[in-house]
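First comes the structure, then the notes that go with it.
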Amino acid sequence: MRIATWNVNSLKARLPRVEEWIAYAQPDVLCIQETKLADKAFPAMAFSALGYESAHHGQGQWNGVAILSRVGIEDVTSGFGDAFIDPYEGDARVISATCNGVRVVSVYVPNGREVPSEFYDRKLAWFDRLSEWIAATCTPSDQLVILGDFNVAPEDRDVWSMDSFEGSTHVTTPERAAITRLKEWGLEDAFRRIYPDIDHLYSYWDYRRGDFHQGRGMRIDLVLATASVANHVTWALVDRNARKGTQPSDHAPVIVDINL
DNA sequence: ATGGTAGCCCTGCTA
């Protein structure tokens, strides 16, 4: 089972690139973030033509998450559910579905903007809600994968220069503690299973300053999996080629193969 | 040099 995550930064602007990439990479499941579309504008037909069922949780101008699957898509849910107060209520940032027996969650974690700021505080509160929701609705023995744009670089080696990020969002101790909390619950960084010792593997490069070609990136798109999934990871890749060429997203897709 | 670009929809906001 090949599962991938990609923040496409507008599915309307990126649809030709996404279609091309799906045909090339052949994921069984693709989680998308930042569709920036209302549900009625989601191009489900374009994906069904490629053999994928899809589920979209859209908002319109901002955010928006989706799951595409060619191995079934069941029990779709959006958001955290009524029992949990979302600090970013109204934002479309979470969608879940069961694909080939695996519970798949596509997440777009709030950016946080500045440290300190109200937005940063709410990002941390959102992470609290994510952890509480997972603990309440899943168990570590489940086949569970939470993947998407976490807007956190888990370690210093996941950014091109710690000096340049000193005091800014994505690398602070509380943000990293939120990732650690998910790991302590029972999720593993599946990408690191394949690349335990390779530093400076990035999934996001700012459009500005020629950051991509200068190698100034961050690894903020993560695949977090429970042991029953992570133990069977056979291969992983950040497809940097998808960040090149005409009208790329500022993120590259992250792919993980699981022998289930 | 306190910058830069891309995408959204009113040309400022978000990333």
Side-chain angles (χ1 to χ4, degrees), chain A residues 5-21 31-43 46 56-66 86-94 106-127 130 147-154 158-172 174-176 178-179 202-222 238-254:
Chain A
T5 181
W6 194 7
N7 180 325
V8 299
N9 185 22
S10 172
L11 188 54
K12 182 181 177 183
R14 215 69 61 209
L15 184 58
R17 296 277 315 229
V18 173
E19 291 175 306
E20 176 190 43
W21 187 81
C31 292
I32 297 175
Q33 300 84 38
E34 284 209 84
T35 63
K36 296 185 177 180
L37 291 175
D39 285 331
K40 64 181 180 184
F42 182 76
H56 180 238
H57 178 39
Q59 176 183 341
Q61 183 179 359
W62 307 115
N63 310 310
V65 285
D86 188 338
Y88 276 90
E89 185 65 49
D91 282 10
R93 297 183 175 277
V94 178
S106 177
V107 298
Y108 177 46
V109 176
N111 178 284
R113 302 191 192 182
E114 305 290 334
V115 186
S117 70
E118 178 218 345
F119 300 97
Y120 174 75
D121 291 342
R122 283 162 65 197
K123 177 182 189 177
L124 297 176
W126 195 92
F127 262 124
L130 177 65
L147 59 170
D149 179 357
F150 283 77
N151 270 317
V152 176
D158 294 318
V159 299
W160 66 277
S161 159
M162 271 308 290
D163 287 344
S164 64
F165 286 102
E166 202 60 51
S168 62
T169 186
H170 293 68
V171 299
T172 67
E175 289 168 287
R176 287 176 169 175
I179 302 297
Y202 309 135
S203 64
Y204 163 82
W205 301 259
D206 197 301
Y207 283 123
R208 295 169 286 189
R209 297 168 308 210
D211 273 9
F212 177 72
H213 295 100
Q214 298 293 330
R216 296 190 288 245
M218 317 175 75
R219 191 175 73 94
I220 58 177
D221 299 274
L222 308 177
V238 182
D239 188 3
R240 295 174 72 260
N241 286 326
R243 182 62 176 79
K244 303 175 183 174
T246 308
Q247 286 190 295
S249 170
D250 43 2
H251 294 252
V254 178

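A:Leu37 places its CG atom 14 Å from the C1' atom of B:dC9, with the value rounded to the nearest Å. Atom CG of A:Asp91 and atom P of B:dC13 are 17 Å apart (whole Å). Straight-line distance from the OH atom of A:Tyr207 to the P atom of B:dC8: 10 Å, rounded to whole Å. Put simply, CH2 on A:Trp62 is 8 Å from C1' on B:dA15, counting in whole angstrom units. When rounded to the nearest whole Å, the span between CG of A:Asn151 and P of B:dA15 equals 8 Å. Straight-line distance from the CZ atom of A:Arg122 to the P atom of B:dA15: 10 Å, rounded to whole Å. The distance between atom CZ of A:Arg113 and atom C1' of B:dG12, rounded to the nearest whole Å, is 12 Å. When rounded to the nearest whole Å, the span between NZ of A:Lys36 and P of B:dC9 equals 9 Å.
Residue contacts shown for A:Tyr108 are limited to sugar-phosphate atoms, with no base heavy atom under 4.0 Å away.
A:Tyr120 places no side-chain N or O within 3.5 Å of a backbone atom of A:Arg113 that could act as its donor or acceptor partner. Under a 3.5 Å cut-off, the side chain of A:Arg219 and the backbone N or O of A:Pro154 do not form any donor-acceptor pair.
Atom P of B:dC9 sits at a distance of 14 Å from the matching atom of B:dT14, rounded to the whole Å. Taking atom C1' on both nucleotides, B:dA6 is separated from B:dT11 by 15 Å, rounded to a whole Å. Separating the C1' atom of B:dT2 from that of B:dG7 is a span of 24 Å, rounded to the nearest Å. B:dA15 and B:dG4 have their C1' atoms separated by 13 Å, given to the nearest Å. Atom P of B:dT5 sits at a distance of 24 Å from the matching atom of B:dC10, rounded to the whole Å.
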Take A:Glu34 and A:Asn7 through the side chain to side chain donor-acceptor pair (under 3.5 Å) test and state the conclusion after the steps.
CA-CA 6 Å; A:Glu34 284 209 84; A:Asn7 180 325; 3.1 Å; yes
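Only one option out of A:Gln33, A:His56, A:Arg93 pairs with A:Ser106 in a side-chain hydrogen bond (donor to acceptor under 3.5 Å, both in side chains); it is A:Gln33.
Between B:dG3 and A:Arg209, no contact under 4.0 Å exists linking OP1 or OP2 to a side-chain N or O. Distances shown here put every side-chain N or O of A:Arg208 at or beyond 4.0 Å from the OP1 or OP2 atom of B:dA6. One finds a side-chain N or O of A:Arg14 lying less than 4.0 angstrom from the OP1 or OP2 phosphate oxygen of B:dG7.
Between A:Gly60 and A:Asp206, the residue anchored closer to the 5' end of DNA chain B is A:Asp206, taking for each the nucleotide with the nearest heavy atom. Nearest-nucleotide positions on DNA chain B place A:Ser10 closer to the 5' end than the other of A:Tyr204 and A:Ser10.
Between A:Trp160 and A:Trp205, a ring centre-to-centre spacing not shorter than 6.0 Å is recorded.
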